[in-house]
Amino acid sequence: MSDSYVKNVVEAALLAAGRPLPANEIRELFDEFERPELARVEAALAALAVDFEGRGIELREVASGFRVQVRDAVAMPVSRLWQERPPKYSRALLETLALVAYRQPITRGEIEDIRGVQVNPNIIRTLQEREWVRVIGHRDVPGRPELLATTRGFLDYFGLKSLDDLPTLAQLRDVESLGVQLEFGGTMEAAQAQDPDGGTIEMVEVVEVVEVVDVVEGVELVGGDAPADPGDETAPPRKVD
Amino acid sequence: MSDSYVKNVVEAALLAAGRPLPANEIRELFDEFERPELARVEAALAALAVDFEGRGIELREVASGFRVQVRDAVAMPVSRLWQERPPKYSRALLETLALVAYRQPITRGEIEDIRGVQVNPNIIRTLQEREWVRVIGHRDVPGRPELLATTRGFLDYFGLKSLDDLPTLAQLRDVESLGVQLEFGGTMEAAQAQDPDGGTIEMVEVVEVVEVVDVVEGVELVGGDAPADPGDETAPPRKVD
Amino acid sequence: MNDPTQTPADAAIAAEILAEVPAAAGADALPKPEQHEMPFAMVDGEPFTVMPRDLYIPPQALQVFLEAFEGPLDLLLYLIRRQNLDILDIPIAEITRQYLEYIDLMQDMELELAGEYLLMAAMLAEIKSRMLLPRPGAELQEEDDPRAELVRRLQEYERFKKAAEDIDQLKRLERDTFLAQAELVERKVVTVLPEVALKEMLLAFKDVIQRAAMFASHQVSRERLSVRQRMSEIIERLQGTEFVGFSSLFRVEEGRMGVTVTFIAILELVREGLLELVQADTFAPLHVRGAQPLAAVPAANDDSAESAAS
């Protein structure tokens with residue numbers, strides 16, 4: 001079996017599949033008696049990527065495998081093939097998606113704590129229908145809230161190989177170094193997108209929930225005692241569940 | 001605008017469209033100010049057809065325009081992308097296969113005698129098509145029934161060096177106890193190095209070395225026409241060098 | 001939607017908001033914020049910071065602007081960023097005043113105001129009052145700063161707001177990336193053969209053997225399978241030939257055990273009537289002959305089986 005036959009099968013399979021194909025799945029397309037080594041399939045993929053250079057298409061590896069896609073340089077004329085505009089996503093949806101992507105696994109309540117507003121259930125439903133987000137379990141707390149995580153489909157859609165390829169998340173400046181930060185007029189510094197110690201982050205979130213409750217209680221005290229303040233008048237504190 | 005840009009747009013459009021595109025529709029994808037003559041688009045199509053020679057795909061003109069399609073030469077492996085999961089083999093087939101393996105050379109009639117039911121001819125045909133069983137002769141009795149035996153392909157499929165790698169009937173009498181030994185890994189180091197099924201084989205082999213001696217002695221017994229002694233079965237295995 | 005009754009004070013805020021509308025609509029258009037309030041217009045290079053009182057502000061524009069906020073944290077961030085304030089040192093009194101003005105306006109516009117906005121208002125008021133309390137010592141401990149929690153939440157929200165923008169910028173399918181696909185005109189019918197595990201076959205065999213009570217025969221149960229295999233090999237060997245020398249069936253290199261297996265196989269074949277031992281004369285070499293002319297088996301069958309396995 002010649003190298004060019006292997007490469008032709010790989011090329012045709014990638015183009016026919018309509019979805020990303022992992023190398024081992026391509027390998028299994030070959031008849032049992034002529035099945036090439038995985039290394040040969042990988043070599044064919046590499047050779048294809050070279051073949052595609054300077055052409056209208058390119059080979060790209062995403063989370064679920066390899067796919068052939070239109071090269072950026074010609075994407076504009078090609079996009080005219082379709083009349084309808086691509087779907088636009090609301091900020092609320094994108095922020096929710098970002099929280100799931102960077103903080104997974106995460107519950108809806110935890111998303112709401114960080115965003116400061118309720119999450120519209122339609123948003124979660126849309127994310128699930130698009131198969132970008134799925135429920136991977138339940139947090140073992142009262143109510144057993146669903147734990148949300150992103151899917152490989154999410155990574156594929158955004159052309160990513162893994163979560164590590166997500167844009168770097170801005171660093172949280174330490175409140176305790178407030179004075180120092182002021183002196184230097186501190187700017188937001190880029191930090192690693194992935195916190196190696198996910199557990200710490202979870203803990204911080206739990207602490208935060210507690211503090212929000214404290215604040216609510218504090219509000220009631222202030223509401224009773226505070227001297228006339230236009231702000232207090234117009235915004236009577238309300239209990240929130 | 002270079003010829004290669006025109007060709008790249010044509011290539012990318014054809015591959016992205018998911019339907020055949022007429023040349024004039026491809027032409028209209030270009031920005032008005034850089035829109036090439038139709039002849040240039042057609043020249044790009046011709047150049048693409050040449051590029052695709054010897055590759056996994058080809059350019060074809062059909063009624064509604066041009067499309068890129070998988071070449072016949074690789075259509076077979078590519079078709080496996082949509083292959084359905086095969087049905088499992090029937091119990092009757094597995095029993096027939098096992099009887100051929102253990103009692104070969106054997107006729108269909110003899111298999112039927114042991115199984116107590118007729119053997120569907122399709123089963124024998126399936127086993128022959130799979131190249132696990134073949135006819136090696138005929139028994140000299142009325143009807144001259146075919147003598148069936150297993151093939152090298154059968155041994156290879158199950159990862160056996162020879163039929164001796166299969167457990168003996170005596171060992172099979174209690175597959176449950178065999179299974180227990182397997183689960184605990186027994187005393188056989190080999191069982192740990194191999195997958196569960198391979199482990200079975202390893203263990204069986206060692207036990208059989210002991211049995212070979214029995215058989216060798218059995219030859220003398222057969223020659224002397226000694227009656228079978230049930231006590232032998234439970235006799236502790238003897239060591240062999 | 002009801003037209004709000006605009007008081008002069010509202011009009012001033014509304015004018016301020018209106019000046020921000022384009023900036024909010026397209027972040028790219030946002031000029032570098034300065035410490036003072038941004039001008040809503042530039043005329044002949046002169047900034048105008050006060051909206052003419054009689055300017056009509058379309059309520060729809062206001063509503064779109066106000067609805068653009070994703071919640072109280074988003075609104076607060078907007079107020080802070082608009083004035084280029086450091087998030088770590090928010091002038092709480094001023095921000096609270098501005099925040100409440102927006103809340104008032106939203107209520108005037110009869111926008112559906114989420115409870116979270118009011119909760120935040122209360123939180124701001126509480127922070128403000130705590131900051132007015134006399135401090136125990138000269139040094140203010142950072143962790144005692146009443147703003148700390150708010151600052152932390154604002155920062156936390158802001159980084160995910162930014163992350164959402166970053167994700168939106170990623171090249172994505174449908175909008176920026178298009179899959180290349182080729183047609184598979186005719187899908188070939190591919191027959192996939194079922195997989196069989198050795199154990200499945202052994203269990204099937206055990207069942208059939210138990211049903212047939214084959215274990216009744218001790219001799220059968222002791223049988224070596226290599227004998228069976230050898231029997232098949234010998235029958236094949238005899239294929240198409242009349243006689244084979246008895247001794248030629250043995251291969252010395254197989255050793256004593258192999259020779260024994262072959263010998264038993266021959267005896268078993270003779271017993272089953274599949275083989276005849278022939279001797280032309282006393283002391284003449286033994287020959288082996290198939291008990292019947294063996295049917296020709298297509299050799300191709302065997303060859304393909306072996307090549308498929310290799």
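Keep in mind that what you see is a predicted model, and the values were worked out from it rather than measured. Each chain gets a letter, A, B and so on, in the order the sequences are listed, and its residues count up from 1.
- Closest approach of C:Ile235 to B:Ile136, counting heavy atoms only: CG2-O, 3.4 Å.
- The greatest number of non-hydrogen atom pairs below 4.5 Å with chain B, out of C:Met201, C:Glu186, C:Glu195, is found for C:Met201.
- B:Leu166 is not listed as a side-chain neighbour of C:Phe205, based on a closest heavy-atom distance of 4.5 Å or more.
- Using a 4.5 Å cut-off on side-chain heavy atoms (C-beta onward), C:Gln181 and B:Val68 make no contact.
- Annotation: side chain of B:Leu163 is not in contact with side chain of C:Val227 (no heavy-atom distance under 4.5 Å).
- The two residues C:Leu274 and B:Pro105 have their closest heavy-atom pair at CD1-CG, 4.0 Å.
- Of all non-hydrogen atoms in B:Trp132 and C:Val196, the two that sit nearest each other are CH2-CG2, 3.9 Å.
- When all heavy atoms are compared, the tightest approach of C:Gln229 to B:Ser162 is OE1-CB, 3.4 Å.
- Proximity to chain B involves both the backbone and the side chain of C:Leu184, based on heavy atoms less than 4.5 angstrom apart.
- The shortest distance between side-chain heavy atoms of C:Arg187 and B:Leu81 does not fall below 4.5 Å.
- Classification of B:Arg91 and C:Glu200 as a salt-bridged pair fails, no side-chain N sitting under 4.0 Å from a carboxylate O.
- A salt bridge links C:Glu272 with B:Arg139; the closest basic N to acidic carboxylate O contact falls under 4.0 Å.
- When all heavy atoms are compared, the tightest approach of B:Gln104 to C:Arg228 is O-CD, 2.7 Å.
- Scanning both residues, B:Leu94 and C:Ala204, for their nearest heavy atoms gives CB-CB, 3.7 Å.
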